[in-house]
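Counting starts at 1 for both ligands and their atoms, following the listed order.
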Amino acid sequence: MKKLKLGHLYPKLLNIYGDIGNIITLKKRCEWRGIDLEIDEINVGDKISNHDIYFIGGGQDLQQIEVSKELQKHKEFLISERENMAVFLGICGGYQLLGHYYQPHNGEKLLGISLLDAYTIAGNKRFIGNVTVKSDFVEPNTLVGFENHSGLTYLEGDTEPIGTVVIGNGNNGKDKTEGARYKNVFGTYMHGSFLPKNPQFADYLIELALGSKPEPIEDNIEILTHNSLVGKKY
Ligand code: GLN
């Protein structure tokens, strides 16, 4: 049986908006293919060892402060994991901490771990609502989710968006970009949860982690559900 290891970063702190659904989706879509996905919870104070996939969920500014401090202890190791092409998925607050920093409305700048060449500054308006994105590296080439953030994220260097906003605000409500990708590091503002709504993206992450295309599985209901959400504003 093929085996993959997933490190779930700080689930006790970054666990709002049901982002655990991303972990459940990866677990089930591996299981349905006979792949054993071992999930390690990594909490404050824990050491971090090598994993094939890392996940970090969304959270409020307060919890991000504690995670930002803890992540600095592991920055060099996690950068080496990125260079070893480990897969990362960060959602919203977790996404922001995969960049260089997040500057909240009040208080200190929260340092990220610079896996993505991106930075975030809190905006005056909260972006809340459904999101549809056109993405050119998955099929179907649409991604759907739900955003709830005040942070405005800007991409630099070789870090590219995961897609172009069709409905919603995305990274900053200005440049029509949503999310970010550099090597096998991905971030998105899309809660929902993201992966259950976009099974093709879940399979893409599994493919990157495995190093080969996973065998297809019967996905009609999942894709029908995805398609029913494309272009929905409310
Ligand atoms: N606190 C961050 C913001 O408001 C992230 C929120 C989230 O994870 N949904 O932008």
Side-chain angles (χ1 to χ4, degrees), residues 7-25 41-44 54-72 78 88-133 143-156 159 161-163 165 167-181 185-198 201 229 233:
H8 188 177
L9 297 167
Y10 313 109
K12 290 189 168 59
L13 290 166
L14 296 181
N15 60 7
I16 50 173
Y17 308 106
D19 290 333
I20 192 71
N22 294 290
I23 302 277
I24 296 167
T25 300
E41 275 204 13
I42 297 161
N43 291 298
V44 172
Y54 292 89
F55 177 79
I56 183 167
Q60 305 291 9
D61 292 17
L62 203 59
Q63 286 71 31
Q64 287 178 280
I65 293 169
E66 188 170 357
V67 172
S68 161
K69 288 189 186 119
E70 184 68 12
L71 276 172
Q72 299 315 307
L78 292 171
F88 288 78
L89 177 63
I91 308 288
C92 200
Y95 162 32
Q96 293 169 344
L97 295 177
L98 296 183
H100 300 308
Y101 63 83
Y102 168 46
Q103 175 61 65
H105 279 295
N106 311 307
E108 306 266 299
K109 191 185 274 190
L110 309 187
L111 293 179
I113 49 174
S114 300
L115 299 187
L116 295 167
D117 194 353
Y119 64 92
T120 302
I121 298 167
N124 297 320
K125 184 171 168 247
R126 193 154 194 88
F127 292 150
I128 300 175
N130 286 327
V131 178
T132 294
V133 163
L143 297 171
V144 292
F146 184 84
E147 62 184 335
N148 182 337
H149 59 105
S150 68
L152 307 174
T153 297
Y154 299 92
L155 309 183
E156 297 187 314
T159 294
I162 62 169
V165 174
I167 299 276
N169 298 280
N171 281 331
N172 50 54
K174 296 191 195 80
D175 63 12
K176 289 287 181 201
T177 65
E178 161 46 20
R181 174 185 193 173
V185 180
F186 298 88
T188 179
Y189 273 112
M190 288 189 268
H191 298 288
S193 309
F194 177 58
L195 292 181
K197 289 191 171 182
N198 305 283
F201 200 97
L229 297 168
K233 276 180 85 92

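Proximity of the aromatic rings of F201 and F186 is defined here by a centroid distance below 6.0 angstrom, and this criterion is met.
Each of T132, I162, L229 was checked for a side chain to side chain contact (heavy atoms under 4.5 Å, CB included) with L143, and the lone residue meeting it is I162. Evaluated for a side-chain hydrogen bond (donor to acceptor under 3.5 Å, both in side chains) with N171, the options T177, T188, T153 yield exactly one hit, T177.
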Would you give me the side-chain donor-acceptor pairs under 3.5 Å for residues 57-64, sequence neighbours excluded?
from : atom 1 : to   : atom 2 : distance (Å)
D61  : OD1    : Y102 : OH     : 3.1
D61  : OD2    : Y102 : OH     : 3.2
Q64  : NE2    : G93  : O      : 3.1
Q64  : NE2    : Q96  : OE1    : 2.9

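Using a 4.5 Å cut-off on side-chain heavy atoms (C-beta onward), V44 and Y10 make contact.
A distance limit of 4.0 angstrom between heavy atoms and ligand 1 selects the residues Y17, G58, G59, Q60, D61, Q64, C92, G93, Q96, Y102, R126, N148, H149, S150, G151, H191.
Between F55 and H8, the ring-plane angle classifies as perpendicular under the 30° and 60° cut-offs.
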